[in-house]
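The next block holds one structure in the form of structure tokens; read it before the comments.
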Amino acid sequence: VVNRSKVNPTVLELAGDAITNPDLRSFYFQSATIEDADCWTKALLTERHQSLKDETEAYRQVCESFPLQLSNFSEMINEAE
């Protein structure tokens with residue numbers, strides 16, 4: 001979760017989700033300008049979203065290729081016997 005300070009909008013808090021990981025330590029960052037803080041916030045949220053999409057796609061590819069790999073290994077074992 002990325003939170004912006006109400007007192008100083010150039011301060012960002014990077015924290016764990018209260019439900020998923022409430023014990024995760026928060027990290028605080030301060031940017032030079034509000035515009036920089038906006039850029040950092042967008043980048044952190046976009047990067048997180050892209051990483052989740054990439055992981056989902058990689059998992060899908062592994063699931064799709066597993067039957068073929070299993071078949072190939074089975075053939076290798078049968079040939080070796």
query: Which heavy atom of A32 sits nearest a heavy atom of D36, and at what distance?
result: CB-OD2, 3.8 Å
query: Would R4 and V11 count as a side chain to side chain contact (heavy atoms under 4.5 Å, CB included) if you check the C-alpha gap in whole Å, the side-chain angles of each, and the deciding distance to 0.1 Å?
result: CA-CA 6 Å; R4 297 282 289 273; V11 174; over 6 Å; no
Which atom pairs, donor and acceptor, lie under 3.5 Å between side-chain atoms of residues 52-60 and protein residues at least two apart or in another chain?
unit_1, atom_1, unit_2, atom_2, d
D54, OD1, Q50, NE2, 2.9
T56, OG1, L52, O, 2.8
E57, OE1, R60, NE, 3.1
E57, OE1, R60, NH2, 3.2
E57, OE2, R60, NH2, 2.3
E57, OE2, Q61, NE2, 3.0
R60, NH1, E64, OE1, 2.8
R60, NH1, E64, OE2, 2.5

statement: Here the gap from M76 atom CE to S71 atom OG, rounded to the nearest 0.5 Å, amounts to 11.5 Å
field: Partner set under salt bridge (charged side-chain N to carboxylate O under 4.0 Å, His left out) for E75, not counting sequence neighbours
entry: none
- prompt: Are L44 and Y28 grouped together when hydrophobic residues (ILVMFWY) are joined by side-chain heavy atoms under 4.5 angstrom apart?
  reply: no
- prompt: Does any non-hydrogen side-chain atom of N8 lie less than 4.5 Å from one of Q30?
  reply: yes
task: Specify the closest pair of heavy atoms between A15 and S26, including all atoms of both residues, with the distance to one decimal.
output: CB-OG, 3.4 Å
field: F73 reachable from L68 in the ILVMFWY side-chain graph, under 4.5 Å edges
entry: no
query: In Å, rounded to the nearest 0.5 Å, how long is the span from OG1 of T10 to CZ of F29?
result: 13.5 Å
- prompt: Between V2 and L45, does a side chain to side chain contact (heavy atoms under 4.5 Å, CB included) hold up when you go through it step by step?
  reply: CA-CA 8 Å; V2 179; L45 295 174; 4.1 Å; yes
message: Is there a path of hydrophobic side-chain contacts, each under 4.5 Å between heavy atoms, that joins L12 and I34?
response: no
field: Short side-chain to backbone donor-acceptor contact, T46 and A43, under 3.5 Å
entry: no
